[in-house]
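Scroll down for the structure; my scribbles are underneath it.
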Amino acid sequence: MKRFLIIAILFCSFACGKKDIIDLPPVVDIDSIPDPEDVDPGQVFDVVIYGGTMSGVMAAVEVVNSGKTAILVNPIGNALGGVVTNGLGVTDMSKPKAFGGLTREFYTDIYSYYKNPGNWKYGQLGSYENFNRAVVDDMMTWFEPKVAEKIMHQFLDKYKIVLIESSRLALNKGVNKNKNNAITSIILESGQKIKGRFFIDATYEGDLMAKAGVRYNVGRESNSQYGETINGVQRMPSSSSFQFKDGIKSIINFNNFLPSDGVGDKKIQAYCYRMCLTDQPNNRVAVEKPVGYNENDYELVFSQINNNPGKFIYFFGFQKVPNDKTDSNNGGPISIDYVGENYDYPDGDYALREKIAQKHKLYQLGLLWTLGNHPKVPIIIRNFYKRWGLAKDEFTDNGNWPRQLYIREARRMISDYVMTEANCLGWEQAPFPIGLADYGIDSHIVQRYKDENGFVKNEGEIYASVKKPYGIDYRSIIPSKSDCINLLVPVCLSASHSAYGSIRMEPVFMTLGQSAACAAVKCLELNIPSVQDLTYGNLKPRLASRGVVVSY
């Protein structure tokens, strides 16, 4: 039998109503729930959460804390917590007061951790150089990956979550639905069947949503589809720090034709691994030349250096999290973002996705080695980058490399309410808000092409400021009733490409995970069979009681 990790099981005397939801499996007696490895095929959980992101963790916590039964299925082994525990240590949170509930609790627990002087190997909280940016409202939003992982596991233990590790949905006939368009069970690759009354897809990819027959989109809509201005193809000005200057040519056969700005396509913004680096000699692992290294992969790196003679060039960021480590994200026209190499990821099977992830890892390790060692790189640049290595005390079970690729955007559900630029920019208010987003509309580079002079250019990077936090509508996390009646989708929610660029921040996903769970629990309490039939008047008080902020 596939290995299962059991955190704990909550024994609770809270009783659900006796009237069964139409054509759904009956409610199980909570006291009778066995360990996951012994789950009987007839066992029914109140809520099944598929996806080990922090959104999934918060959903599971909310369900159990409400006296209902839940099971959390994590498809990616050792990557529980998603990018929050795998390198994204610099949280994009513009207005901290926009976040409450379990999201705030998570970040306040991180602050409490760092208040302990014994948790600082290098420096102290008071002398931490980014203290004023990292700490606000008793929350600490800049942190080490291993600390986020520690706090997450404390959540799982505190709230007694049943967890199945390293178990993926069977992509072929892995979702069973009944005649009322309700999911009744999911089947994992191991053959394990898990039954539930309500389901939450908290994955970055939206696999459960897609296999349940819910409509979705991959790529960029045209501006005309939702009356937007910065969706679709977006040429970047020469003044952008992410655009190449004239003069760079390439042996790569980049497209030399682009449609007009605003035309939709199926391309997605670039992915990367968020790297945790350090220059502390006692905690640094030098980056070796990776097996499979190909010098041609870094042609644009050499060209960028040669096209900027005498200038020192940063190819990625070095934002410092505690204990002299970094959250190193992309930066500049050529960086750790592997532009154009992820288009097949969202709809790919597991083997293809793993291949794409490994290509990203090879590219990034090769870039680190190139910048620190290659003779085509000026010595002043080499000396700088050679100082940096992987943090020895991070990801110790994975060669000090993050386990989770940063999936900035994959599938996006199409439901009865689609979040668009109008919501983000304050032109349209979501009538039924279940959480807030506060970050600007942001997309990374989508593709490269050659202009009329044969010079390499980037396309797709956008940024537009958001004036104030705005509401995310409940209908954007539930499918159309004709697609599925008992599924909630807090990560791959219904939003246009440009709007998703603002919503796709981890604190937002965490909030939406809790809100999705609140909706499922309320449906259970009121014996409502369809998430679409739950009124906002019934949901809003539940959100308020849990501290979820829905207005700013």
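Worth saying up front: this structure is predicted, and the values here are computed from it rather than measured.
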message: If the test is side-chain hydrogen bond (donor to acceptor under 3.5 Å, both in side chains), which one of D207, D201, N217, T203 qualifies with R411?
response: D207

message: Test: ring-ring contact (aromatic ring centres under 6.0 Å, His included). Region: residues 204-223. Which pairs qualify, not counting sequence neighbours?
response: none

Set of salt bridge (charged side-chain N to carboxylate O under 4.0 Å, His left out) partners for E341, sequence neighbours left out: K359

message: Would you say that V61 contacts I161 through its side chain, given a criterion of any heavy-atom pair below 4.5 Å between the two side chains?
response: yes

- prompt: Looking at side-chain heavy atoms only, is the closest gap between V47 and K68 below 4.5 Å?
  reply: no

- prompt: Does any pair with a residue in residues 82-96 pass side chain to side chain donor-acceptor pair (under 3.5 Å), and if so which ones, sequence neighbours excluded?
  reply: N86-R403

- request: Please list, chain by chain and in numerical order, all residues satisfying ring-ring contact (aromatic ring centres under 6.0 Å, His included) with Y114, sequence neighbours excluded.
  value: W120

- line: Here the pair of heavy atoms bringing C492 nearest to M209 is O-SD, 3.9 Å

query: Considering only heavy atoms from C-beta outward, does the side chain of V233 approach that of Y449 to under 4.5 Å?
result: no

task: Taking all heavy atoms of A517 and all of V63, pick out the closest pair and write down the distance.
output: CB-CG2, 3.6 Å

Non-hydrogen side-chain atoms of Q234 and E461 separated by less than 4.5 Å: no

message: Once rounded to the nearest 0.5 Å, what's the spacing between atom CG of L488 and atom CG of L534?
response: 9.0 Å

- prompt: Among all residues two or more places apart in sequence or in another chain, which pass the side-chain contact (heavy atoms from CB on, under 4.5 Å) test with S222?
  reply: S224, Q225

statement: Taking every heavy atom of I49 against every heavy atom of A70, the minimum-distance pair comes out as CD1-CB, 3.9 Å

- line: What one should report as the nearest heavy-atom pair of C272 and L405 is O-CD1, 3.5 Å

- request: Kindly write out the residues that satisfy side-chain contact (heavy atoms from CB on, under 4.5 Å) with K158, not counting sequence neighbours, or none if the list is empty.
  value: E105

field: For D533, all residues meeting salt bridge (charged side-chain N to carboxylate O under 4.0 Å, His left out), sequence neighbours excluded
entry: K481

Which residues share a ring-ring contact (aromatic ring centres under 6.0 Å, His included) with Y474, sequence neighbours left out: none

query: Are the side chains of V175 and L208 in touch, meaning some heavy atoms are under 4.5 Å apart?
result: yes

task: Verify, without hydrogens or angle tests, whether D473 (side chain) and R475 (backbone) share a donor-acceptor contact under 3.5 angstrom.
output: yes

- prompt: When you measure from the side chain of S328 to the backbone N and O of G317, does any donor-acceptor pair fall under 3.5 Å?
  reply: yes

- request: Dump the intermediate steps for salt bridge (charged side-chain N to carboxylate O under 4.0 Å, His left out) on K266 and D347, then the final yes or no.
  value: CA-CA 11 Å; K266 293 300 180 182; D347 278 325; over 6 Å; no

task: Flag the pair Y111 / D137 as yes when at least one side-chain heavy-atom distance between them is below 4.5 Å, and no otherwise.
output: no

message: One thing to verify: whether E506 and R274 come together as a salt bridge, which I'm taking to mean a side-chain N less than 4.0 angstrom from a carboxylate O.
response: no

Pairwise distance OG1(T184) to NZ(K179) - rounded to 0.5 angstrom: 13.0 Å

- prompt: Donor-acceptor pair, T326 side chain versus Q319 backbone, under 3.5 Å?
  reply: no

Set of residues satisfying salt bridge (charged side-chain N to carboxylate O under 4.0 Å, His left out) with respect to K177, sequence neighbours excluded: none

Charged N-O contact under 4.0 Å between K146 and E149: no

message: Checking Y345 now: which residues fulfil ring-ring contact (aromatic ring centres under 6.0 Å, His included) with it, not counting sequence neighbours?
response: Y271

field: Partner residues of S480 under the side-chain contact (heavy atoms from CB on, under 4.5 Å) criterion, sequence neighbours left out
entry: R215, D416, S482, D483

task: Give a yes or no on whether a salt bridge exists between E221 and R412, defined as a side-chain N under 4.0 angstrom from a carboxylate O.
output: yes

- prompt: What class does the angle between the rings of Y107 and F143 fall in, given that below 30° is parallel, 30 to 60° is tilted and above 60° is perpendicular?
  reply: tilted

- prompt: Heavy-atom distance under 4.5 Å between the side chains of I268 and V218, does that happen here?
  reply: yes

message: Is any side-chain heavy atom of I151 closer than 4.5 Å to one of F106?
response: yes

- request: Can you tell me which residue pairs pass the ring-ring contact (aromatic ring centres under 6.0 Å, His included) test with a partner in residues 509-552, sequence neighbours excluded?
  value: F432-Y536

